[in-house]
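Working notes for the structure below.
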Amino acid sequence: MMNIFGFRLSASSAIDMDKVDRTLFDKLCAEEPDARRCMSCGSCSATCPAGEFTGMSVRKVLHNLQRGKEREALKMVSSCMLCGKCNMVCPRGINTRHLILSVCRIYKTEESR
Amino acid sequence: MNEIVVIIGGGIAGMEAAAQLLKLGHSPIIIEKSDRLGGHVGKWNMLFPDLTPAKKVVDELADSCRDANIFLNTEISSLNRLKDRYNLMLSNGISISTKYILFATGFNMFPAQKKEEYGYGIYDHVVTNADLEHWMNGNADKRMDTSGMKTIGFVHCVGSRDEKARNPQCSKVCCITAIKQAIELKNMYPDAQIYCFYMDLRLFGKKFEDFYTKAQRDHGIHFIRGRVSEVSEAMDGRLVVKAEDTLIGKPLKVSVDLLVLMAGMACNPDSEKIASQIALPIDTDGFLKSSDNIIHITSSAKKGVFYAGACTGPKTVPETLAEARSAALDIHTAIIKER
Ligand SMILES: Cc1cc2nc3c(=O)[nH]c(=O)nc-3n(C[C@H](O)[C@H](O)[C@H](O)COP(=O)(O)OP(=O)(O)OC[C@H]3O[C@@H](n4cnc5c(N)ncnc54)[C@H](O)[C@@H]3O)c2cc1C
Ligand code: SF4
Ligand code: SF4
Ligand code: SF4
């Protein structure tokens, strides 16, 4: 197609909620109902020893998964060291470490299919 | 004979209810465990949203309930029910029989030292919202180093919205209190940079949003969305505050000379201790349980027992006073019906 605007639109980074497939997140929530209770306070990310270098953040993982950005989420999860520091600080009492393991299992097995 | 109404707690709820019951021709007895009336409001300096002096409010209420029977330094030793009457034994040896009891036992401040990561009681320059009010009332506080106040931090939700601290509810008044106190400190130290660390800003009341925009526009208060994860003391005595700036999504730190913790409103365990003697239910948050939270907030599960103010959950002063009046009217109606 001819570029009539004189500039190119890169692949949209906008979130399209109409296109979000919720199947896997629902599956995650069936096992980890607390996945929906995050209030995005940032305590987990602020204490995460991997976060500063890799961008790992439980908060962002949960957020990305719910916005259909699974690739971004799984990339972050891959730098988690499972140290459990985030588990200790979460004011909502979410078992974040267990949650990360469930994310890995549910999303990765799906991916490898 | 005038009907006796026993009011447990002489904070603003108890005082206002007593004043109204007097006007309606009844005989309230206030039982207050401390040595003065006024409760928590008696310790505050200026009240949001209009910066009304707290002392003015308490003095006015004290004046309007001065004809009540008031026992200071007195607690309830025991409470039991006999048919349709309640028998109270007081710590001063006096016993009272009544058909009507009003709980106005209020709340307790969340003990900030429980959140060890914020360093209250450990570092030199960490105070609470309540300490700051106390200091503004002219009481000396060596943690307030007035010479070197260049940067000040406020931590919202200290011990509120925190399931680990077993205080899951929002304390409702601390967002607006933080903004009020930030503006007050900015007025005292115009060159200071002030940071408020919040998770959500809950500014629901009349004029609260105006306060917020004023803090941003006129006072340049900085708002950072992220819960403080830890505070440490640097070599020079300044405090290093760490959080995630969740709007940018990056870890953030800032050094401050003073850190103010917005300690929340927790239930007063006295309420449960007294209520359990007549099998009154306690809510999941530890506060007294109203018979419902919409049309019967001031009613309990037991005939003749009523609630007003922060004993059923976090409330502002105007909300507390409105409930006190409403409870007084409920009691009046119950008395009339029985006649
Ligand atoms: C830091 C802070 C600042 C605030 N600032 C404002 C403000 O600016 N504006 C505003 O609208 N609201 C403000 N509030 C809210 C305000 O403090 C409450 O609305 C108010 O204190 C509720 O009054 P109360 O009478 O229900 O309870 P309380 O003030 O807690 O009074 C309860 C009374 O009962 C007594 N008592 C307790 N147990 C017993 C017992 N077993 N026997 C006998 N007596 C007992 C206590 O000694 C006390 O005197 C603030 C709250 C906080 C935490
Ligand atoms: S368990 Fe993973 S996400 Fe949590 S603090 Fe440790 S490295 Fe970070
Ligand atoms: S600490 Fe808990 S509530 Fe806060 S952002 Fe992380 S997972 Fe969510
Ligand atoms: S009023 Fe604000 S600071 Fe207080 S508990 Fe609620 S959200 Fe936190």
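Each chain gets a letter, A, B and so on, in the order the sequences are listed, and its residues count up from 1. Since we're looking at a predicted model, the values are computed, not measured. Atoms considered below: every heavy atom in the structure, side chains included; atoms not considered: hydrogens, waters and symmetry mates.
- To the nearest 0.5 Å, atoms OG1 (B:Thr246) and CE (A:Met39) are separated by 11.5 Å.
- The neighbour count for A:Lys69 NZ, taken as heavy atoms of other residues, nucleotides or ligands under 6.0 Å away, is above 12.
- The 12-atom threshold is exceeded at CD of B:Glu163, counting heavy atoms of other residues, nucleotides or ligands nearer than 6.0 Å.
- Residue A:Ser43 holds its OG atom at 7.0 Å from CE of B:Met199, rounded to the nearest 0.5 Å.
- Between B:Ser229 and A:Thr47, the shortest heavy-atom distance links the atoms CB-CG2, 4.0 Å.
- Separation of atoms CZ (B:Arg225) and OG (A:Ser40) is listed at 5.5 Å; rounding is to 0.5 Å.
- Summarising the local packing, CD1 of A:Ile15 is surrounded by more than 12 heavy atoms from other residues, nucleotides or ligands at distances under 6.0 Å.
- Listed options A:Arg92, A:Arg59, A:Glu52 were ranked by heavy-atom pairs under 4.5 angstrom with chain B; first place goes to A:Arg59.
- Between the B:Lys164 side chain and the A:Met88 main chain, a donor and an acceptor come within less than 3.5 Å of each other.
- Considering only heavy atoms from C-beta on, A:Pro91 comes within 4.5 Å of B:Arg227 through its side chain.
- Shown here is B:Lys115, whose NZ atom has more than 12 heavy atoms of other residues, nucleotides or ligands within 6.0 Å.
- Between chain B and the options A:Gly55, A:Gly93, A:Ser45, A:Ser57, the largest number of non-hydrogen pairs under 4.5 Å is found for A:Ser45.
- By the neighbour-count criterion of 12 heavy atoms within 6.0 Å, atom CZ of A:Arg37 is densely surrounded, having more than that number from other residues, nucleotides or ligands.
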Item to complete: Please report the C-alpha distance between A:Cys48 and B:Glu244 in whole Å, then the side-chain angles of each, then the deciding distance to 0.1 Å, and finally whether the side chain to side chain contact (heavy atoms under 4.5 Å, CB included) criterion is met.
Response: CA-CA 10 Å; A:Cys48 176; B:Glu244 185 198 11; over 6 Å; no
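- Heavy atoms from other residues, nucleotides or ligands lying under 6.0 Å from NE2 of A:His98 number 12 at most.
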